[in-house]
Amino acid sequence: MRTPRRYPLSFLITLLTFLNVARADAPLVDFDRMGTVGLIGAFAGLDFFNSSSVDFSFDPSSSTLLSRSADGSLTPIASTNTGGIVSAGCAIGNTYYVAGSFSSIHNVTAPNVASYDPASGAFSALGAGGPNGRISALFCDSAHNKLWAGGQFSSPASALAVWDTKASSWSAPPFGGLQGASAEVLSITTNASQASLFFAGSFIANFGNASVLNTTNNPNVPFSRGATPFSSSLVPIPLEVAQIQGSPSSLDPSFNNIQNILCPVGNDGPGQTWFAADGNGAQITIRTFQSISASGVRLGNTFLNGRGTTAFTVTSLPDNAVQQLHYVDPATGQNQTCTISCPLSTDATVLYQDFTFNGAVSLTGVQVTLSQWLGPGPGLHLFQLLSSGAFASAANNKNDLSCFAPVPSNATFTGNWTELDANTNIPATTQVVLVSTVNVGTSPANGPSFTWMPYVSASGQYTINLLIPGCTDFQDCALRTSVQVSVFPGGGQAPTVTVVSQQNQNDVVQQIYNGPIVPSSPNFVMTVTMTLANSPAGSGQNGQYRLVADRIQLILTSANTTGTAFNGNGTAGNGKSSFGFLEWPLSLSSGAVTGLTNASETLLDVVGLSLFSALGGNAGIAAATGPAVAAVVHHPSGAIFIGGTFNLATLNASNIVVFNNSALTALSGGGLNGPVTSLALYGGTLFLGGSFTDTDANSTQGQLSGVASYDVTHGQWSPLLAGVNGPVNSLDIDNGQVSIAGNFTLIKSASSGSAGRESPGLALWNISNGEWVDEGGFLRGTLSFIGNGTAPGKGQQQSQILAGNIQSSLSFGASGFVLLKNGNDGQPEVTPLSMQLGDDVSAFTTTTNSRRSYHPRTTTTWLSRYVAIPQLFARQSTTTLAPLPPSPPAPAPAVLAGVFWTNTTNSEQVAIIGGNFTFTNGNTESAGVAIYNPSTSMLTPLQGQAINGTVRALVVQDTLLFVGGEFTIPGTGIANFAIYDLVHNAWESSGVPALQATSGASVVVRSLSVSSSKANTVIVAGSFAQAGSLPCRAICSWDAVGKQWNALGNGIQGDIASVAYAESNQNVLIAGGSVTLSGSSSDNVLQFTFNNATWSTVGDGLDLPGPVTAVTVNNGNWSSIFAAGRSVDGTSSFLAAWNGHVWISQGSAFGGTSNVSQLAMVPLQNQHSAQGIIEGLVVPSSGQVSSMLFDGETSIPYIVSASTSGSPGSVAGIFNSLANFSFAQHNFLATGVVILISIAIAAGIVFLLVLLGILWTLFSRRDEVISKFDPAEVGDDDDSTQHRPSSLLAHINAATSATILGSKVHNVSGEKDVTAEADAGASSAGHDPLIGPDASNYLRGGIVGDETGRRAHARYSFDGAGEGELSLAVGQELEVLDDHDPSWWYARDVRSRKEGVIPASYVY
């Protein structure tokens, strides 16, 4: 049994601080003193915990802005509002401008455009009166201090706006904006001399006098002989949210859902058609519960199974009036009228028929009675309620998607608007309106605004009405004022402006426009805006006005479009028209030019004129599906390349053409087979991005996927390997590389299949080398934009700005391996592997040892007082070991081992890495092991057969590379342990007897190491039973000269996970795992002395919660050992320190699922004092801590990592080139907050790195401090003379641990006593191994009342010989009556009712 000692409370508090975790600036590890340092693991990206990337919260539903430094590292800057998009950016001086479609960025309200100051990190809005819609392009004119913005908006001008950075004001461009087609600018660039701007997009520019009024019609509306151009132009009212009943319905489940006929997506058939019940007429009733304006119904008959409706009647609701209908007889083409039993065609070639009312009717629903039919009964394939033309509600939840529409009607606003319910005076109906208040005296530019964008199916003559609720019902008449309503009819027409009073007491339908409407394609929308009037009516109430936004209503009056011709600025005229391209000399920007006069036409404007002609003029542009120019570049030779979405049939050119020698010319292969979104020019090479896969003639066998290059001089296409697997949105050229951003996840290695390397959203192509290169930072998401940042400072390189929907991002993209060294200000400098490692090469699954697992025994409900405790819980005579925790997941690419080697023939140092990965060298694919040359950034394979499996350990001795793990080498018979001659570049395939496993298990080599005390010897450790015919359990030595296996002592059983060395000549080997000596219980840590070839235990293995996965020795001192692992039941991880006397828990700041894979000692650069303490570790969602620093008191998060999927990665370890290096620091004395730490670090700083998963750091004294320590100060340390600790910290730990845990002397002889046997029995009794010795699972505090306490059980036996003490037996049931003291509790035996003091750590 254990005999606890009483101890001062201050010692307990000091030791408990080891369990705390700190989040603070990490100490500066001195990597340079370690030589060359490599960090390895299963990760694709990593970052340091104090980086802004780790603190940043990524929301993929918003657009995130990032900066990319010259070394490729990524830093998040800001995010937009949810749903926001960043599409463009550019810099003027030290200010960067970003734009797109957003309402705020970095929590700053900034509609669609903002400025960013990199120095302060601040974002600012750009004044009032800016673009009121999406911005697609920016151009920074530094010479004139102007920011040009292009997109799809109507104010301050159509599609274009200019921000004066000096005057801080917005204005329209000198020529008044661009209209026609979609009225959108997608690109703004300069000519080769940067003397003029190129505008590109979907617009029609006109010089002098020219007609631009063209018609557009949604091509998705199917043609039918039963409709007229007028009725085909009416937008169907969305009915998906209406109440719809069809009764009686068929019993056939494929035909009884009335919803199927509202907007069928397939032909007449099951799931697309509704049948009435056989032999019955039927009624279809629709109730919308709101007032709508309808003009008729659209019916499509069914022709299945001989069925069909032949006659019907339409009744409006709620007035129950039978409507007179007008229609075209599809058989004769004649106009007809009917009221009762209107005929429905049974001609299967008639897709549908439109039946219109006498005019627009206000109603809340309709009822259609099917009175006559063919076959078994009536039925319909299509039913739609036709609007009066088009419509848009102020409340977007009322703007549902209409049938055939590409987008629903939409409403946007600026300022604060709130919803109110308006009375409709119609029973069971409601109407939602939006209202906004504004202070009296506010200018229209600074006040709230509202924009409706109704979907309009086709061009035509329309009357547009604004519905204004009366002020009486809202009781806000005093607040009401007047508003200014602008209608943008499209087609190059000038907007109309109307001042409308909203002071009406009753509901009013106010006409705001009458004339031609030409919706923009491809969305087929037009725009109406409303702001406060320039001279608002009324005086307001309490200093405020109220603006009201309800619905707008478009009533089609004629399908014929006629109108006045307009210039780009809206003035009438007749002249030349151009499409999608306009050149504007910057010299005219400051002049008094207004409009596009003939004088403003340049020689290059013939590009747009030629495009207009090649597309077929107004009619051809209207008939085409959204033609647009998305990008333009000007080659110094004079050639202009134009990319976008278009098909020039007369030129046999698709999506890309070149303008040269005054004419448009097709590129070879007829252009590209998909849209081009971006262009970038580098010398004589044109790079293109978009949604294509090949030329239009398929001349490259599908190798131009998303990105391509074109030789301007020779007119030849070239692939970038095989491109990427998704659309490219943006290109940028920087430092001899093409940066490619878009919606892709993979760089393809072949035109077909899914093979390639992961590269989500961002890829880099080295132009001179013609190859893909590592992109630097780690990114998971899609990108909408990439461009150069602000001008670099002196001696700095250009940075880049990226934007997109980001799921996660870390500073460094790294494929399982990086080099570390001291950088600026002592911060770590990271050099990732220059290429990406590839897929999983494992041919078999790692198998854990088939040992009997630990299963806790059920706690006994009572114990006979006549049975002796030592007999009941005696140490078992046979060994039952808990299995080693399974190796942490290492999904490829994973680097799990590394070693540095200097080739003596050329004095060149290389890194040899091993793990679970593949890589390509030329045309050869290799796996498992690679040699990396940092000076050339080249990765080369080992010669001969490639490894098939996973490499877990590497070591070099002279010129021989030793490889261990779980693998085979096909064709050689080599498995799990191999030797490679680095001089002769060949595997040693003979003379190495294979390692063999125990029955039912697999061989795993986890550790390969060398000791300076054993020349020409490699220590091999892991899971195996023998080497060849030599019994050699878990650890064996290989004689590299004699080429034979030798056993290390005898008697060891189990599996070894980690090996370290002690003493200056490494004469003592420390092995950690799930191990034991013969006849012992689990020891977990053993030591082997080479001098006498004997094994012994390191302390009592029962003091460790479970198997050990990593060990290290403090500066060679065998009395200062650190071990980490997992509990027997696998639910928690632990870190413990051996002080030459006992194991002392250092707590566990990492999660229960963590795996500690390495412990290593590293030096520091700086003076480091104790950190502030917090309880628990909170890690942001963007990553998981993969390494931490532990300074003896606090745990400091150090590195986070991520896998290729963006899920948390892991760190396997570090390795360095210098076998011996100094830990000593000079010329400073570190002062800690805790006296224990300040004393320990006075002579130098040493950190314990726990790499995992978890990196820790420990301050420790050097051996020379021993001479200053008086052992007599320790007190009851019976073994201090035999095993004196090598540092003051270790000795203090020994003394305090003996006080807390009881004396546990290191037993060299292996003798055991009754107490040890009792302890072993207690350990195997099956009690919860997670309960801490301080009973931290219980709430501190006294028990109220003395009759009933808290139930508990004895963990250990206790003799209770002292006065007032209560003796304990393992499993004894207790009642804790008082737990005020953290060390000693007052308890009662529930059976004997005896009471007394017990040690708190002995119960659970």
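We're numbering straight along the sequence, starting at 1.
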Asks: Is the count of non-hydrogen atoms from other residues, nucleotides or ligands lying under 6.0 Å from Gln259 atom CD greater than 12?
Replies: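 For Gln259, atom CD is crowded (more than 12 foreign heavy atoms under 6.0 Å).
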
Asks: Between Ser316 and Gln323, does a side-chain hydrogen bond (donor to acceptor under 3.5 Å, both in side chains) hold up when you go through it step by step?
Replies: CA-CA 7 Å; Ser316 59; Gln323 294 294 317; 3.0 Å; yes

Asks: Contact between Leu239 and Thr288 at the side-chain level, heavy atoms closer than 4.5 Å - yes or no?
Replies: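 When only atoms from C-beta onward are counted, Thr288 and Leu239 do touch, with a gap below 4.5 Å.
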
Asks: Taking only residues two or more places apart in sequence or in another chain, which ones pass ring-ring contact (aromatic ring centres under 6.0 Å, His included) with Phe123?
Replies: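 ring-ring contact (aromatic ring centres under 6.0 Å, His included) list for Phe123, sorted by chain: His106, Tyr116.
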
Asks: Does the pair Ile258 and Ile244 meet the rule for a side-chain contact (heavy atoms from CB on, under 4.5 Å), with working shown?
Replies: CA-CA 7 Å; Ile258 192 67; Ile244 306 174; 3.8 Å; yes

Asks: So which atom in Ser61 and which in Thr82 form the shortest heavy-atom distance, rounded to 0.1 Å?
Replies: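 Scanning both residues, the minimum pair turns out to be OG-CG2, 3.4 Å.
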
Asks: Assess whether side-chain hydrogen bond (donor to acceptor under 3.5 Å, both in side chains) is satisfied between Gln384 and Arg298, documenting all intermediate values.
Replies: CA-CA 5 Å; Gln384 292 174 352; Arg298 176 172 292 161; 3.2 Å; yes

Asks: With sequence neighbours excluded, what pairs up with Trp274 under the ring-ring contact (aromatic ring centres under 6.0 Å, His included) test?
Replies: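 So Trp274 forms no ring-ring contact (aromatic ring centres under 6.0 Å, His included) with any residue.
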
Asks: Using a 4.5 Å cut-off on heavy atoms from C-beta on, say whether the side chain of Asn132 contacts that of Thr414.
Replies: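 Thr414 does not reach Asn132 side chain to side chain.
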
Asks: Could you work out, with ring-ring contact (aromatic ring centres under 6.0 Å, His included) as the rule, every residue matching Phe383, not counting sequence neighbours?
Replies: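 Testing Phe383 for ring-ring contact (aromatic ring centres under 6.0 Å, His included), a comparison that skips the adjacent residues, returns none.
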
Asks: In the structure I gave you, are the side-chain heavy atoms of Leu554 and Tyr513 within less than 4.5 Å of one another anywhere?
Replies: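 Not touching, per the 4.5 Å side-chain cut-off.
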
Asks: Between Asn439 and Thr442, is the side-chain hydrogen bond (donor to acceptor under 3.5 Å, both in side chains) condition met? List the steps.
Replies: CA-CA 6 Å; Asn439 292 332; Thr442 302; 5.0 Å; no

Asks: Compare all side-chain heavy atoms of Gln544 with those of Val438 and state whether any distance is below 4.5 angstrom.
Replies: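 Not touching, per the 4.5 Å side-chain cut-off.
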
Asks: Can you see which heavy atom on Met526 is nearest to which on Val487, and at what distance?
Replies: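 Scanning both residues completely, I find the closest heavy atoms to be CE-CG1, 3.7 Å.
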
Asks: Would you check if Ser482 and Gln503 make a side-chain contact, meaning some heavy-atom pair closer than 4.5 Å?
Replies: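 Ser482 vs Gln503: side chains apart.
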
Asks: Once ring-ring contact (aromatic ring centres under 6.0 Å, His included) is applied, do any residues pair with Phe355, and if so which ones, sequence neighbours excluded?
Replies: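 Only Phe312, Tyr327 meet the ring-ring contact (aromatic ring centres under 6.0 Å, His included) criterion with Phe355.
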
Asks: Can you establish whether the number of heavy atoms outside Asn107 located under 6.0 Å from its atom CG is more than 12?
Replies: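 Counting neighbours around CG of Asn107, 12 or fewer heavy atoms of other residues, nucleotides or ligands fall under 6.0 Å, so no.
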
Asks: Students often mix this up, so state it plainly: with edges at 30° and 60°, are the rings of Trp170 and Trp163 parallel, tilted or perpendicular?
Replies: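 It falls in the tilted class, 30° to 60°.
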
Asks: What I'd like to find out is whether the side chain of Leu547 reaches to under 4.5 Å of the side chain of Leu532, using heavy atoms alone.
Replies: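 Sidechains of Leu532 and Leu547: in contact.
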
Asks: In sequence, state the C-alpha distance, the side-chain angles, and the governing distance for Gln152 and Arg134, and then conclude on side-chain hydrogen bond (donor to acceptor under 3.5 Å, both in side chains).
Replies: CA-CA 5 Å; Gln152 192 170 48; Arg134 180 179 68 249; 3.1 Å; yes

Asks: For Ser231, give me all partners under side chain to side chain contact (heavy atoms under 4.5 Å, CB included), at least two apart in sequence or on another chain.
Replies: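 Ser231 satisfies side chain to side chain contact (heavy atoms under 4.5 Å, CB included) with Ala227, Thr228, Asp354, Thr356 only.
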
Asks: Are Ile464 and Gln553 packed together at the side-chain level, in the sense that at least one heavy-atom pair is separated by less than 4.5 angstrom?
Replies: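 No, too far: nothing below the 4.5 Å cut-off.
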
Asks: Among residues two or more places apart or on two chains, list those pairs meeting disulfide bond (SG atoms under 2.5 Å apart) that have a residue in residues 469-532.
Replies: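 For residues 469-532: Cys471-Cys477.
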
Asks: Determine, step by step, whether Leu126 and Ser115 satisfy the side-chain contact (heavy atoms from CB on, under 4.5 Å) criterion, reporting the C-alpha distance in whole Å, the side-chain angles of both residues, the deciding distance to 0.1 Å, and the verdict.
Replies: CA-CA 7 Å; Leu126 300 189; Ser115 65; 3.9 Å; yes

Asks: Tell me whether Ser387 contacts the main-chain N or O of Leu234 through its side chain, where contact means a donor paired with an acceptor under 3.5 Å.
Replies: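 No, Ser387 side chain to Leu234 backbone: no donor-acceptor pair under 3.5 Å.
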
